[in-house]
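Just so we're on the same page: letters track the sequence lines, and every chain starts at 1. Just so it is clear, the model here is predicted, and its values are computed rather than measured.
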Number of protein chains: 4
Amino acid sequence: MKLSERKRSLMESVTRDALYEAAVGLLREEGWKGFTMGKLAARAGVAKGTVYNYFDGKGDVLFFVMERNGMRTAEALKSLADRVEAGEADPVEALGEALQVATSGMYRNRHVIAAIARAFEDDPRLLARKRSCQDPKHPLVTIRDSMLRILEAGVRSGGLVEVDPRGAEAVIHCTMMGLGRLLAMEDRDSHGMGQEDISSLLTRIILHGLRRRGAEL
Amino acid sequence: MKLSERKRSLMESVTRDALYEAAVGLLREEGWKGFTMGKLAARAGVAKGTVYNYFDGKGDVLFFVMERNGMRTAEALKSLADRVEAGEADPVEALGEALQVATSGMYRNRHVIAAIARAFEDDPRLLARKRSCQDPKHPLVTIRDSMLRILEAGVRSGGLVEVDPRGAEAVIHCTMMGLGRLLAMEDRDSHGMGQEDISSLLTRIILHGLRRRGAEL
Amino acid sequence: MKLSERKRSLMESVTRDALYEAAVGLLREEGWKGFTMGKLAARAGVAKGTVYNYFDGKGDVLFFVMERNGMRTAEALKSLADRVEAGEADPVEALGEALQVATSGMYRNRHVIAAIARAFEDDPRLLARKRSCQDPKHPLVTIRDSMLRILEAGVRSGGLVEVDPRGAEAVIHCTMMGLGRLLAMEDRDSHGMGQEDISSLLTRIILHGLRRRGAEL
Amino acid sequence: MKLSERKRSLMESVTRDALYEAAVGLLREEGWKGFTMGKLAARAGVAKGTVYNYFDGKGDVLFFVMERNGMRTAEALKSLADRVEAGEADPVEALGEALQVATSGMYRNRHVIAAIARAFEDDPRLLARKRSCQDPKHPLVTIRDSMLRILEAGVRSGGLVEVDPRGAEAVIHCTMMGLGRLLAMEDRDSHGMGQEDISSLLTRIILHGLRRRGAEL
DNA sequence: GATGAATGAGGTTTCATTCAT
DNA sequence: GATGAATGAAACCTCATTCAT
């Protein structure tokens, strides 16, 4: 019966959503260390066992959150990269926008991202698993890939300095990770500068650092 | 008795050194997660209780390691900043050198630094404590302060673009943290680029991003 | 309707067979500890709930397996006992054959048998239930009963030493259980002797131990 | 200080004894399945963590119990074997006595032994560990070894039938395991025969089965 | 009758810290 | 000051069984 199947599927997605919300809230409030399966279950309003019906374990929950979380940013970057490759957008401007998008995505999801980074450091098995995840549709893969495509176009067009685009992408990636960590500290840590100030400054410096000098003249 | 006091002091410093070595080794080999008071004690060759005679707790050990660890980098940066302020060195060149120094210090101590960053995220109490540590002689304070002084001189001299030096410092700090994390992963993660490639590329991009355009012409 | 009933009955027996196969395979491959209702259902290709429509619980599945499993051995021993009582077979020779049959049945079903024994030790309720099962057609009852009848005939005829046949039967039973455990270990545990060597030696020793001395002369 | 060391050592042995008693009691009353570290700790009157200060884990507790448990039997059999080899005892009589000793040891420790056997089946790692334990002083090794020595002497002297002593030892070992299981059932299971009846009958049958016929004449 | 999501008690182990010696 | 046994909260994960559909 189609109906009962649809019902069931709906129920499942309700539970899955509840688990997602609970997971994000938990990560936000307590970080990866405070993220326990017990709390997750309680917060989502289900039994501990139920969580294990949806996920293989703690690491699996993380992957799920990561995926959902990166989707918006991934889509935005992908469309940007597509437009650049189609010649509809200037690579340098697109890079600025991409950094903007990435940074604000970082800000929105800072807690989750910090927790994720933490989890990877904690558990090498996660890392291995992530690496093996080559699915080109995975948000994280898409994000890095799109950034790389924009950089490649920029270098090709001469708008950016001559760097190995892959290297530049790695630098941006690692810089963003650092930013994520900073943002997650939720801490007007640095000389009283706000997080947004730092974010935008970071974007500017990176962009400036990659832009070809002559291009401006 | 003076003698017995000196003896005691010597013994204490021996123990403290042993604890330092053990802590660094442990962090390097097992990361923050694997860093337990039991292992620390065993590795230093003392009893668990003894560790608690020297440190208030796990967090305190970390602070100690952090302090000792940053000393070399702190001194190098401080002398650089002093020379810049004394007009003996060009701010832009000094900035490049400072980034170099910071990056290589980062590489040398990547495990410790990653663990430290992790610990801060884990335990908000540590953060509070760090913030309250305003001792100007503390290596971490010195490092960030020296970098700031170099940046200020650079902006003042017109060699660098007009940015809020405090903001630029914050950006560099957070970038370095991101790099630290990447380095600690010990993982030719990014498109097969080596860690050193990324490190030097990062330095170049930042430097380039902060340098005034006309200055080069 | 007769037809639909027959259909249902057929379906039921198909499911039951699938469950039997799955249960045996599972016990063989994973032992009692690895035997979970979930795996059983998955392996039989039915839902977990369905298993509970066929059996009261984990213990009940076991009984079913036990029953089916012992049938061949039970029939062989029963016909042996019948022939002995009908005077068509020599009790001592029959005993030897019976031990052979029992031993090889033990070997064939060693995994199942070991698991069953384990389950009984785990769960006293099973034991109580087994004891209450006096159904003379139950394979396990038949097996022990047939062995007892052969022994009684042997003692009566003077071919065996004068022992209480019930005691001898108990001894054989418990010996077989020990053998089952050994066989299930799948382990050339004992001084490098093969399992078959031990099986046949055990048979010989028991038989020799029960045979009247003079009888041989 | 010797005194404080001795005190500490005493305290330790008190705790260890308490743990031993608790473990044995628990195994007796609840079997291996009911044997949990929590119960063990509670019963011994210590914290769960303390148990882990004394033992590496559940398996380790088992080994300890096993060792202590088999000591008496091991010593008795060893002295028997020594006397036989020294020509001070008749091998056949010694075998009878050895079986007696083993049987009654089995009876005394039936619960522990059954649990141990169970644990081995549950956890292959234990088996591997046991196999690797070739320490000739380990009670279990001593027991099997002594029995083997007696059998060898018996076969050599002609008092026993010509069997491979190692095979005979394996048969006895497995028989004893079966007996242990039976005894642990605590169940006047078999035709209403008492456990002692079965034990002694088993001894007799085995002995009879191994004894050379002519020897009696 | 079949389904399979939900339940939740229960198991093992870790480790920061205390405190009597 | 050094010691290290004891503590116990807390984490992760399993699985027999139920029950609404």
Q) With nearest nucleotides of DNA chain E determined for A/Met11 and C/Met11 from heavy-atom distances, which residue corresponds to the more 5′ nucleotide? A) C/Met11
Q: Let me know, please, whether A/Val51 or C/Thr50 comes out on the 5' side of the other along DNA chain E by nearest nucleotide.
A: C/Thr50
Please report the distance, rounded to the nearest Å, between [atom1] in [X] and [atom2] in [N].
X: B/Glu12; N: F/dA2; atom1: CD; atom2: C1'; answer: 12 Å
X: A/Lys33; N: E/dC15; atom1: NZ; atom2: C1'; answer: 11 Å
X: D/Tyr52; N: F/dA6; atom1: OH; atom2: C1'; answer: 15 Å
X: C/Asp56; N: F/dT18; atom1: CG; atom2: C1'; answer: 14 Å
X: A/Leu19; N: E/dA5; atom1: CG; atom2: P; answer: 13 Å
X: D/Trp32; N: E/dG10; atom1: CH2; atom2: P; answer: 19 Å
X: D/Arg16; N: F/dA6; atom1: CZ; atom2: C1'; answer: 14 Å
X: A/Leu10; N: F/dT21; atom1: CG; atom2: C1'; answer: 14 Å

Q) If you round to the nearest 0.5 Å, how far is CG of B/Asn53 from CG of B/Leu19? A)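 It is 10.5 Å, given to the nearest 0.5 Å.
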Q. How many angstroms lie between atom CE of C/Met66 and atom CZ of C/Phe63, to the nearest 0.5 angstrom?
A. 4.5 Å
Q. For E/dT12, does either OP1 or OP2 sit under 4.0 Å from a side-chain N or O belonging to D/Lys58?
A.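 Answer yes for this pair, as a side-chain N or O of D/Lys58 is under 4.0 Å from OP1 or OP2.
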Q) Counting only side-chain N and O atoms of B/Tyr54, is one of them less than 4.0 Å from OP1 or OP2 of F/dA2? A) yes
Which nucleotide in the list [options] gets nearest to the side chain of [X]?
X: A/Met37; options: F/dC12, E/dG4, E/dA16; answer: F/dC12
X: D/Ala47; options: F/dC13, F/dA11, F/dG8; answer: F/dG8
X: B/Asn53; options: F/dA2, F/dT7, F/dA11; answer: F/dA2
X: A/Thr36; options: F/dC13, F/dA11, E/dG11; answer: F/dA11

Q. Taking for each residue the nucleotide of DNA chain F bearing the nearest heavy atom, is the 5' side occupied by B/Gly45 or by A/Lys39?
A.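 Per heavy-atom nearest nucleotide, the more 5' residue is B/Gly45.
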Q) On DNA chain F, nearest-nucleotide positions of A/Gly59 versus D/Gly49: which is more 5'? A)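 Nearer the 5' end of the strand: D/Gly49.
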Q) Can you tell me if D/Lys58 uses its side chain to pair, donor with acceptor, with the backbone of D/Met37 under 3.5 Å? A)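 Checking the backbone N and O of D/Met37 against the side chain of D/Lys58, no donor-acceptor pair under 3.5 Å is found.
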Q) How is A/Phe55 classified with respect to the nucleic acid when contacts are heavy atoms under 4.0 Å: base, sugar-phosphate, or nothing? A) nothing
Q. With a distance cut-off below 6.0 Å to the six-membered ring centre and an angular limit of 45° from the axis, does B/Arg16 pair with B/Phe55 as a cation-pi contact?
A.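 Cation-pi check for B/Arg16 and B/Phe55: passes.
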Q | Nucleotide paired to F/dT14 in any strand shown, Watson-Crick or G-U, under 3.5 Å | A |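 Base partner found: E/dA9.
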Q | Pairing nucleotide - F/dT21, Watson-Crick or G-U, each distance under 3.5 Å | A |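 Across any shown strand, F/dT21 pairs with E/dA2.
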(Q) Tell me whether D/Glu30 is salt-bridged to D/Arg43, with the criterion being a basic N under 4.0 Å from an acidic carboxylate O. (A) no
Q. Do you see a donor-acceptor pair shorter than 3.5 Å between the side chains of D/Asn69 and D/Tyr20?
A. yes
(Q) With hydrogens left out and only the distance checked, is there a donor-acceptor pair under 3.5 Å joining A/Lys48's side chain and the base of E/dG10? (A)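 Between E/dG10 and A/Lys48, which were checked side chain against base, a qualifying N/O pair under 3.5 Å is present.
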